[in-house]
Participant: 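There's a structure below that I have some questions on.
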Amino acid sequence: MKKFVFILLVGFLFSFCSCVLPKISTSPCVVCGEPGLCFLENSSVVFCFSVENKLSKSVTGADFILSLFDEDGEPVFKTDWVKFRLFLENEPLDGYEIREFCINLDEYFDADIETDASYIVDYFYASRIEYEDGSVIEDPFGRWCE
């Protein structure tokens, strides 16, 4: 009897979780192309990427999560990941537009980064997207990450 109750409880938990955490098929805003690092002459490190707005309404702001590792698999930031924000109020990302962005990452490093080494972008996604109509879409765990 205890085994039956346990199986019933586990089945209930799985069915409950699948209702609470629905699978989202696609992101309304996706990173397209290959994001990468650029090293400037003044020793600054810049992360460049393109974003596609897959909805008809304009994006006015977005938060992104980035994990970057060296060729040995060690994180290069002070933490395993960083969060940075794009402010687009003055130049919104229009519906169905694709635009390239470059973000200076210098503030996130705790030491100098080697410009001749290889780096791996492990995880990069939009965690929050704000639209001109005031609506917000959040994806704190990267479920849309393509």
Side-chain angles (χ1 to χ4, degrees), residues 7-146:
I7 292 172
L8 187 63
L9 181 62
V10 169
F12 173 75
L13 288 176
F14 277 118
S15 64
F16 176 75
C17 290
S18 66
C19 293
V20 173
L21 301 172
K23 175 73 174 140
I24 298 171
S25 60
T26 185
S27 171
C29 212
V30 296
V31 176
C32 47
E34 282 295 319
L37 294 178
C38 299
F39 301 96
L40 305 180
E41 290 179 13
N42 65 356
S43 299
S44 288
V45 180
V46 178
F47 181 68
C48 296
F49 59 97
S50 295
V51 174
E52 178 183 4
N53 181 0
K54 296 177 93 176
L55 297 181
S56 61
K57 51 188 175 179
S58 296
V59 175
T60 57
D63 295 338
F64 289 89
I65 303 293
L66 169 65
S67 291
L68 187 67
F69 295 88
D70 65 16
E71 53 196 11
D72 296 326
E74 297 296 321
V76 297
F77 297 129
K78 298 173 188 173
T79 59
D80 287 343
W81 55 271
V82 296
K83 180 178 182 177
F84 59 87
R85 179 156 181 74
L86 288 180
F87 296 98
L88 303 169
E89 291 90 0
N90 296 331
E91 294 181 43
L93 182 64
D94 293 330
Y96 308 109
E97 179 183 359
I98 298 173
R99 190 182 304 167
E100 185 170 332
F101 298 95
C102 291
I103 303 293
N104 188 315
L105 297 178
D106 291 344
E107 68 182 274
Y108 302 109
F109 297 109
D110 58 354
D112 290 335
I113 189 168
E114 297 178 33
T115 58
D116 58 346
S118 296
Y119 296 95
I120 302 162
V121 176
D122 182 49
Y123 213 46
F124 179 57
Y125 64 94
S127 64
R128 179 181 169 92
I129 304 165
E130 299 167 2
Y131 294 94
E132 64 186 347
D133 63 1
S135 61
V136 174
I137 296 177
E138 293 185 298
D139 181 21
F141 304 113
R143 293 183 295 162
W144 295 326
C145 194
E146 294 182 357

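Treat the numbers as computed from the prediction; the structure is a model and nothing was measured.
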Participant: Parallel, tilted or perpendicular: which fits the ring planes of Phe64 and Phe84, with parallel below 30° and perpendicular above 60°?
Facilitator: parallel

Participant: Lys83 and Ser127: which non-hydrogen atoms are nearest, and at how many Å?
Facilitator: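 In this case the closest contact between Lys83 and Ser127 is CE-OG, 4.2 Å.
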
Participant: Could you grab the distance from atom OG1 of Thr60 to atom CG of Leu93, nearest 0.5 Å is fine?
Facilitator: 10.0 Å

Participant: If I take atom CG from residue Asn42 and atom CG from residue Asn104, how far apart are they, to the nearest 0.5 angstrom?
Facilitator: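 Asn42 atom CG to Asn104 atom CG measures 8.0 Å (nearest 0.5 Å).
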
Participant: State, to 0.1 Å, how close Ser50 and Ile98 come at their nearest heavy-atom pair, and which atoms those are.
Facilitator: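 Nearest pair, atom of Ser50 first, then Ile98: CB-CG2, 4.4 Å.
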
Participant: Looking at CD of Glu74 and CD1 of Ile120, how far apart are the two atoms once the value is rounded to the nearest 0.5 Å?
Facilitator: 11.0 Å

Participant: Test side chain to side chain contact (heavy atoms under 4.5 Å, CB included) on Leu86 and Val59; report intermediate values, then the result.
Facilitator: CA-CA 10 Å; Leu86 288 180; Val59 175; over 6 Å; no

Participant: At their closest point, which heavy atom of Asp80 faces which heavy atom of Phe69, and how far apart are they?
Facilitator: O-CZ, 4.3 Å

Participant: Got a sec: does the CD of Glu89 have more than 12 other heavy atoms crowding it under 6.0 Å?
Facilitator: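 For Glu89, atom CD is crowded (more than 12 foreign heavy atoms under 6.0 Å).
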
Participant: Between Tyr123 and Leu66, is there a side-chain heavy-atom distance shorter than 4.5 Å?
Facilitator: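 Not touching, per the 4.5 Å side-chain cut-off.
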
Participant: On a heavy-atom basis, which atom in Ala126 and which in Asp139 lie closest, and how many Å separate them?
Facilitator: O-CB, 3.9 Å

Participant: According to the interplanar angle, ranging from 0 to 90°, do the rings of Tyr108 and Phe77 count as parallel (below 30°), tilted (30 to 60°) or perpendicular (above 60°)?
Facilitator: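 Tyr108 vs Phe77 ring planes: perpendicular.
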
Participant: If you count every heavy atom of other residues, nucleotides or ligands that lies below 6.0 Å from Asn90 atom CG, does the total exceed 12?
Facilitator: no

Participant: Under a 4.5 Å cut-off applied to non-hydrogen side-chain atoms, are Ile65 and Asp63 in contact?
Facilitator: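 Not in contact.
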
Participant: Would you check if Tyr119 and Val45 make a side-chain contact, meaning some heavy-atom pair closer than 4.5 Å?
Facilitator: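 Sidechains of Val45 and Tyr119: no contact.
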
Participant: Mind listing the closest non-hydrogen atom pair of Tyr131 and Lys57 along with its distance?
Facilitator: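 Heavy atoms only, the tightest pair is CD2-CG, 3.5 Å.
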
Participant: Is there a side-chain contact between Ile113 and Leu105, using heavy atoms and a 4.5 Å cut-off?
Facilitator: no

Participant: Could you verify whether a donor N or O on one side chain and an acceptor N or O on the other, from Ser44 and Asp106, lie under 3.5 Å apart?
Facilitator: yes

Participant: Work out which heavy atom in Phe49 is nearest to a heavy atom in Pro35; give both atom names and the distance.
Facilitator: CB-CB, 3.9 Å

Participant: Could you give the distance from CZ (Phe39) to CG (Leu37), rounded to the nearest 0.5 Å?
Facilitator: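 Interatomic distance, Phe39 CZ to Leu37 CG, rounded to 0.5 Å: 5.0 Å.
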
Participant: Residues two or more places apart in sequence or in another chain: which of them pass side chain to side chain contact (heavy atoms under 4.5 Å, CB included) with Cys102?
Facilitator: Val46, Cys48, Glu100

Participant: Can any side-chain N or O of Asp133 pair as donor or acceptor with the backbone N or O of Ser135 at less than 3.5 Å?
Facilitator: yes

Participant: Between Glu130 and Arg128, is a salt bridge (charged side-chain N to carboxylate O under 4.0 Å, His left out) present by the stated rule, with each step listed?
Facilitator: CA-CA 7 Å; Glu130 299 167 2; Arg128 179 181 169 92; 2.9 Å; yes

